[in-house]
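What follows is a single structure, written as structure tokens, with notes after it.
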Amino acid sequence: MAAKKPLPFSDSVMKQVRSIPRGEVRSYAQVAIYAGRPGAARGVGRELKHLPGQATQVPWWRVIRSDGTLAPPVAHEQAKRLRAEGVTVDERGQVFRVVVKKDGKAL
DNA sequence: AATATGACCATAC
DNA sequence: TGTATGGCCATAT
């Protein structure tokens, strides 16, 4: 019997994105790594772009850039949704990442 | 199969 | 500190 076929890139990415807890953010690169394709950050962004957007169940807005900024095409919508979850977003689209200690306590 | 594009990332200047 | 350049990966044509 053939070995277990790895999930398609897109499915793997979606799975990871959906696993991001509310109020938490993750970078494209980080998602790519968790999806099993380190360095495929661009591919991640491409997949998220393919999403329905507002009508999706995938919390794409929790995926931001590695430097904490938001991607220009969606920055507006994204900032709005992030703030709705308690994530502090600067006017310039800068996200103050929620740092959590191993205790689960916010820093 | 090769080229072009993109919601990126890291480094160099 | 901000801008420019190269690299990486996954689709579309």
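Below, each value reflects all heavy atoms present in this structure, side chains not excepted, and no hydrogens, waters or symmetry copies. Protein chains get the first letters and strands the later ones, always in sequence-line order, with residue 1 at the start of each.
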Q | Donor-acceptor contact below 3.5 Å, side chain R62(A) vs main chain I20(A) | A | yes

Q. Nearest of dC8(B), dC9(B), dA10(C) to any side-chain atom of P72(A)?
A. dC8(B)

Q: Measure from CZ on R65(A) to C1' on dG6(B) and round the result to the nearest Å.
A: 11 Å

Q: Quickly work out the D67(A) CG to dT3(C) P distance and round it to whole Å.
A: 13 Å

Q) Expressed in angstrom and rounded to an integer, what is the separation of M14(A) atom CE from dA10(C) atom P? A) 16 Å

Q.
Looking at R81(A) and E77(A), is any side-chain nitrogen of the basic one under 4.0 Å from a carboxylate oxygen of the acidic one?
A. yes

**Q.** Nucleotide dC9(C), atom P - distance to OH of Y28(A) in whole Å
**A.** 19 Å

Q: Report yes or no: is the cationic atom of R46(A) (NZ for Lys, CZ for Arg) under 6.0 Å from the centre of the six-membered ring of F9(A), at an angle within 45° of the ring normal?
A: no

Q. At under 4.0 Å between heavy atoms, what does E47(A) touch on the DNA or RNA strands: base, sugar-phosphate, or nothing?
A. sugar-phosphate

Q. Between dC9(B), dC8(B), dA10(C), which nucleotide has the shortest distance from any of its atoms to the side chain of A29(A)?
A. dC9(B)

Q. Does dC8(B) have OP1 or OP2 sitting under 4.0 Å from an N or O in the side chain of S66(A)?
A. no

Q.
What is the distance, to the nearest angstrom, from the CZ atom on R37(A) to the C1' atom on dG7(C)?
A. 18 Å

Q.
Under a 3.5 Å cut-off for both contacts, is dA10(C) paired Watson-Crick or G-U wobble with anything, and if yes, with which nucleotide?
A. dT5(B)

Q.
Taking atom types as they are modelled, would you say the side chain of R46(A) forms a donor-acceptor pair with the base of dG6(B) within the 3.5 Å cutoff?
A. no

Q) Within this structure, what is the NZ-to-C1' distance between K49(A) and dA10(C), rounded to whole angstrom? A) 11 Å

(Q) If you go through the side-chain atoms of R42(A), does one of them form a donor-acceptor pair with the base of dC8(C) closer than 3.5 Å? (A) yes

Q.
My understanding is that a pair needs two contacts under 3.5 Å, Watson-Crick or G-U wobble. By that rule, which nucleotide pairs with dC13(B)?
A. dG2(C)

(Q) Are the side chains of Q16(A) and V13(A) in contact, using a 4.5 Å heavy-atom criterion? (A) no

Q.
With a 4.5 Å cut-off on side-chain heavy atoms, are P59(A) and R18(A) touching?
A. yes

Q) Between G39(A) and R92(A), which has a closest nucleotide on DNA chain C that is more 5'? A) R92(A)

Q. dC9(C) P sits how many Å from Y34(A) OH, rounded?
A. 20 Å

**Q.** Nearest-Å distance for atom pair CG/P, residues L48(A) and dA7(B)
**A.** 11 Å

